[in-house]
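Counting convention: from 1, in listed order, for ligands and their atoms alike. Every heavy atom of this structure was used, including side-chain atoms; hydrogens, water molecules and symmetry mates were not.
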Amino acid sequence: MEKTKIIMDVDTGIDDAIAICLALGSGAFDVLGITTTFGNRKVDVTTKNTLKILELIGKTNIPVSKGAAKPIVKEYFSPEKSIVHGADGLGDMENPLPEPTIKETGMSAVEFMAKTLAESDEPVTIVPVGPMTNVATLLMTSPELKPKIKEVVVMGGSMLKGNASPVAEANIKQDPEAAYILLHSGVKIRMACLDATWNGYVSFDELEDWKTDNKLSRIFYQMCGIYSEHYKLRMKNPGLAMHDSMTLAWIARPELVKSEDYYVTVDIDGRYTYGMTVTDVNRVTGEKPNVTMSTDVDRVPFINMIKEAIARLSSEMK
Ligand code: BDR
Ligand code: CA
């Protein structure tokens, strides 16, 4: 199978950490690099978390470049503790992952993306699973590189309910202007939105197996304590949503994700709806579709892909 060349853009985060493992353990991707952004925590923390995960799974050759510390227009507010990902962004485990010994490239995320695209002999897929600030900045500063972007497969948005406001999804709400720039850039976009990602869950029973499956799943089991509580108590979901992983599963196995092409924009003015993705489901605007929106996922094979990637990485771990 030919591997898809990707750059991941992450705000690591528990589900980001799992998505990194899916990218590197599935065998479906050539991960050219990982760039980081503020989001689930401050960018220094999400960058460190990314390095910690790569070191844990022994993929220390993947270049990591630090990106945006704040949104394009607004300020960034980081609460002392994320109610979803903990204070350290990786679930505040009793035995936290050690400080990383590997370092970032020293290039900024946008510099890394631009250089990688410019040097690649084939178009590259960008996979943002946090606020879209880095990719929006790239599109503004290097528009000539658009033809080198095969597509952007992003985790964000929703057609119905939000998770960061009644109507806004977290990655978009953190930087609505960036999402707006991306959506109206003319590049090919697939959006793994909440309407499908909430259905892509590891059930609470299935999570119990992670305790004993293998060494890496055991670490994720411990990491998922707060995350699991959030989905059980606050979101009332049947399990832990694997939001960020859905982007990768959709690329590797498109048949797992149902989708529709729609015209989608983002509210960047609204008092109550700031950051809401507005989807023209009834096709009343006359605008041409600009986004392929996920509408559902085949949950069991999707979760099995994640489990298999974790098992594979675990068997290679020292
Ligand atoms: C998104 O928000 C973050 O908390 C997750 O990592 C995911 O990218 C879900 O709305
Ligand atoms: Ca994320």
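Counting only N and O atoms by type, the side chains of Thr125 and Thr4 include no donor and acceptor under 3.5 Å apart. Looking only at atom types and distance, the side chain of Asp195 has no donor-acceptor partner in the side chain of Ser158 under 3.5 Å away.
In terms of protein heavy atoms, atom 5 (C) of ligand 1 is closest to Asp15 OD1, 3.2 Å. Protein heavy atom in closest approach to atom 7 (C) of ligand 1: Asp244 OD1, 3.2 Å. At the top of the distance list for atom 2 (O) of ligand 1, counting protein heavy atoms only, stands Asn171 OD1, 3.5 Å. For atom 4 (O) of ligand 1, the nearest protein heavy atom (residue, atom name, distance) is Asn40 OD1, 2.8 Å.
Remark: ligand 1 atoms within the under-4.0 Å shell around heavy atoms of Glu169 are 1 (C), 2 (O), 9 (C), 10 (O). Those atoms of ligand 1 that come under 4.0 Å of a heavy atom in Met155, given as number and element, are 1 (C), 7 (C), 8 (O), 9 (C). For ligand 1, the atoms closer than 4.0 angstrom to any heavy atom of Asp16 are 6 (O).
A salt bridge does not link Glu122 with Lys150: none of the charged nitrogens is closer than 4.0 Å to a carboxylate oxygen. Salt bridge status for Lys258 with Asp298: absent, with no side-chain N to carboxylate O gap under 4.0 Å. Between Arg41 and Glu80 there is no salt bridge, since none of the side-chain N atoms of the basic residue sits less than 4.0 Å from a carboxylate O of the acidic one.
Within Asp11, the N/O/S atom positioned nearest the Ca ion (ligand 2) carries the name OD1. Asp244 contributes atom OD2 as its closest N/O/S atom to the Ca ion (ligand 2).
Ligand 1 is never approached by Val84 to a heavy-atom distance shorter than 4.0 Å.
Of all non-hydrogen atoms in Tyr274 and Ala168, the two that sit nearest each other are O-CB, 3.9 Å. Ile251 and Val127 make their closest contact through CD1-CG2, 3.9 Å (heavy atoms, listed as atom of the first residue, atom of the second, distance). Residues Ala241 and Tyr227 come closest through the heavy atom pair O-OH, 2.6 Å.
Between Trp210 and Phe220, the two ring planes are perpendicular [angle over 60°; tilted spans 30° to 60°].
For a distance bound of 3.0 Å, the N, O or S atoms of Ala170 include none lying that close to the Ca ion (ligand 2).
Neither the backbone nor the side chain of Thr197 comes within contact range of ligand 1; no heavy atom lies under 4.0 Å. Looking at Val129 against ligand 1, only its backbone comes within 4.0 Å, counting heavy atoms. Using a 4.0 Å cut-off between heavy atoms, Asn163 contacts ligand 1 through its side chain alone, with no backbone atom that close.
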